[in-house]
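Following: one structure in structure tokens, then a few remarks.
This chain uses plain numbering: 1 for the first residue, then up along the sequence.
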Amino acid sequence: IGPNIVSQGGVKYGAFSGCSSLTSINIPDSVTNIGAYTFSDCSSLTSINIPDSVTSIGYNAFSGCSSLTSINIPDGVTSIEYRVFIGCSLLTNIDIPDSVTSIESSAFEDCSSLTSIIIPEGVTEIGSRAFEECSSLTSIIIPKGVTEISDRAFTDCKSLTSIIIPEGVTEIGNDAFEGCSSLTSITIPKGVASIGGDAFAYCRSLTSITIPKGVTSIGRGAFNYCSSLTSITIPEGVTSIEEITFEGCSSLTSVTIPDSVTSIGEYAFMNCSSLTSITIPESVTNIGAYAFYKCSSLASINIPEEMTRIAERVFDRCKSLTSIIIPDSVTSIGAGAFDGCESLTSITIPEGVTRIGMEAFASCKLLTSITVPKGVTRIEDGTFGYCSSLTSILIPKDVTYIGERAFESCSSLASMTIPKGVTRIGRIAFYDCSSLTSITIPKEITSIKHNAFSGCNQLKDVYYAGTE
């Protein structure tokens, strides 16, 4: 390396950047620092010897050196800088000297051939994305001085089977171990207070995890699609189960929710297909939309007394749900709330309910009877569609509208009295009600849409305004 490349003991910024045919280089002992981007994208460089005189290696210095298989870091270097080895996809091993105290963001990102690495005890900081997509990395020990597992630090380390988190760690960042699909177990130390969003998402081999009592915050999607996880206990102090936290945990059979929890977010337990029962503490005042969507083994669940709203599709496709008690505090039942609850035989809607959303009880195939509360003014689209065992239903006098597909394919419904307040009946409202033999239509009706009674092959008596 000549004087035009070296200045005051350092190899200049980007000196050999993009030299894609460069295979080897000799760095003299006079060099004390290697500048940023010095050898970036030298894609044919297979090895390099850095002299002991070097105390500083700049950010991106070896980024994209995709043929580099090994490299030495001198003892005087104190920091592995930002993106310094990113994309060194053939790098299999590297010795980090004891002098290093920090590993910066993306330092080893996408070093996909790196199988193991020893991080010195003196390291106190591991930056975000530091080992992201190190897909051959099987194990790693985090030094005792580290207090935070940064965002995406080990994301997509797909071969990582074990990792030891030291006692001093207080925070596990967002996506920290997302996609570590070979990780079977992990111990979270007692000092951890928060687990970030998607922290363990898609850890598909993770069968168990113990969350310590000190944890007060579990982020959105923290364990989503941990498909081998069988049980989990949420510690006292956590106040919210965030959106999609356990979505797709298809082996989860039990979960313990503490009294400190006040809300369960949207999609929180969606597709937890092995979950058979769950006790929701009375402290919970809000359960978000789709929270238990497609929990197909869920046979029973309680709704806390302080709930005022059953959210949209919250129990949709809970095919094993046989009974549920809706508390008197509830005033609204959202769209599709119980859609596809095929085993539900009966349900009592409290008198205080004033709104029942579209498709709320659609495809409840074993539901035989239901009473709509007096305060309800509309039977929305598809509300009771495909309730094939429904033989009777009482519609209150305040109802003014019967929506599209409201009673479609209610094939056991034999008779129906439409109250005087109804002015409109939507299209295919009673389509294919094949057992319907009589119906009473009040004179207040101003609109009956097309095919409202199509497929009612047994309909013989239609009473309109008191006349047949």
### Query
Does N174 reach the main-chain N or O of G197 with its side chain, forming a donor-acceptor pair under 3.5 Å?
yes
### Task
State whether the number of non-hydrogen atoms from other residues, nucleotides or ligands found under 6.0 Å of I118 atom CD1 is greater than 12.
no
### Query
Can you find a side-chain donor-acceptor pair between S435 and S411 that sits under 3.5 Å?
no
### Query
Side chain of T331, backbone of T308: donor and acceptor closer than 3.5 Å?
yes
### Task
Check T253, V255, I301 against L275 for a side-chain contact (heavy atoms from CB on, under 4.5 Å) and give me the one that passes.
V255
#### Entry: Flag if over 12 foreign heavy atoms under 6.0 Å of CD1, I141
no
### Query
Does the S17 side chain pair with the main chain of G14, one donor and one acceptor, at a distance under 3.5 Å?
no
### Task
Look at the side chain of T101 and the backbone N and O of V123, then say whether any donor-acceptor pair between them is shorter than 3.5 Å.
no
### Validation row: I103, F131 side chains within 4.5 angstrom (heavy atoms)
yes
### Backbone N/O of G237 and side chain of S260: donor-acceptor pair under 3.5 Å
yes
### Query
Where the side chain of S251 meets the backbone of S227, is there a donor-acceptor pair that is under 3.5 Å apart?
yes
#### Entry: Donor-acceptor contact below 3.5 Å, side chain S159 vs main chain S135
yes
### Task
Among T216, I149, V238, I211, find the residue that satisfies the side-chain contact (heavy atoms from CB on, under 4.5 Å) test when tested with I195.
I211
### Message
Please enumerate all residues that pass side chain to side chain contact (heavy atoms under 4.5 Å, CB included) together with S263, with sequence neighbours excluded.
### Response
S240, N286
### Message
Ignoring hydrogens and geometry beyond distance, is a side-chain donor-acceptor pair present between S438 and S415 at under 3.5 Å?
### Response
no
### Message
Could you check whether atom CD of E306 has more than 12 heavy atoms from other residues, nucleotides or ligands sitting under 6.0 Å from it?
### Response
no
### Message
Please confirm whether the ring centroid of Y59 lies under 6.0 Å from the ring centroid of Y37.
### Response
yes
### Message
For the backbone of L206 and the side chain of T184, can you confirm whether one donor and one acceptor N or O come within less than 3.5 Å of each other?
### Response
no
### Message
My understanding is that only residues two or more places apart in sequence, or in another chain, count here; which of them pass side chain to side chain donor-acceptor pair (under 3.5 Å) with Y225?
### Response
E247
### Message
Checking S105 against S128: is there a side-chain donor and acceptor pair closer than 3.5 Å?
### Response
yes
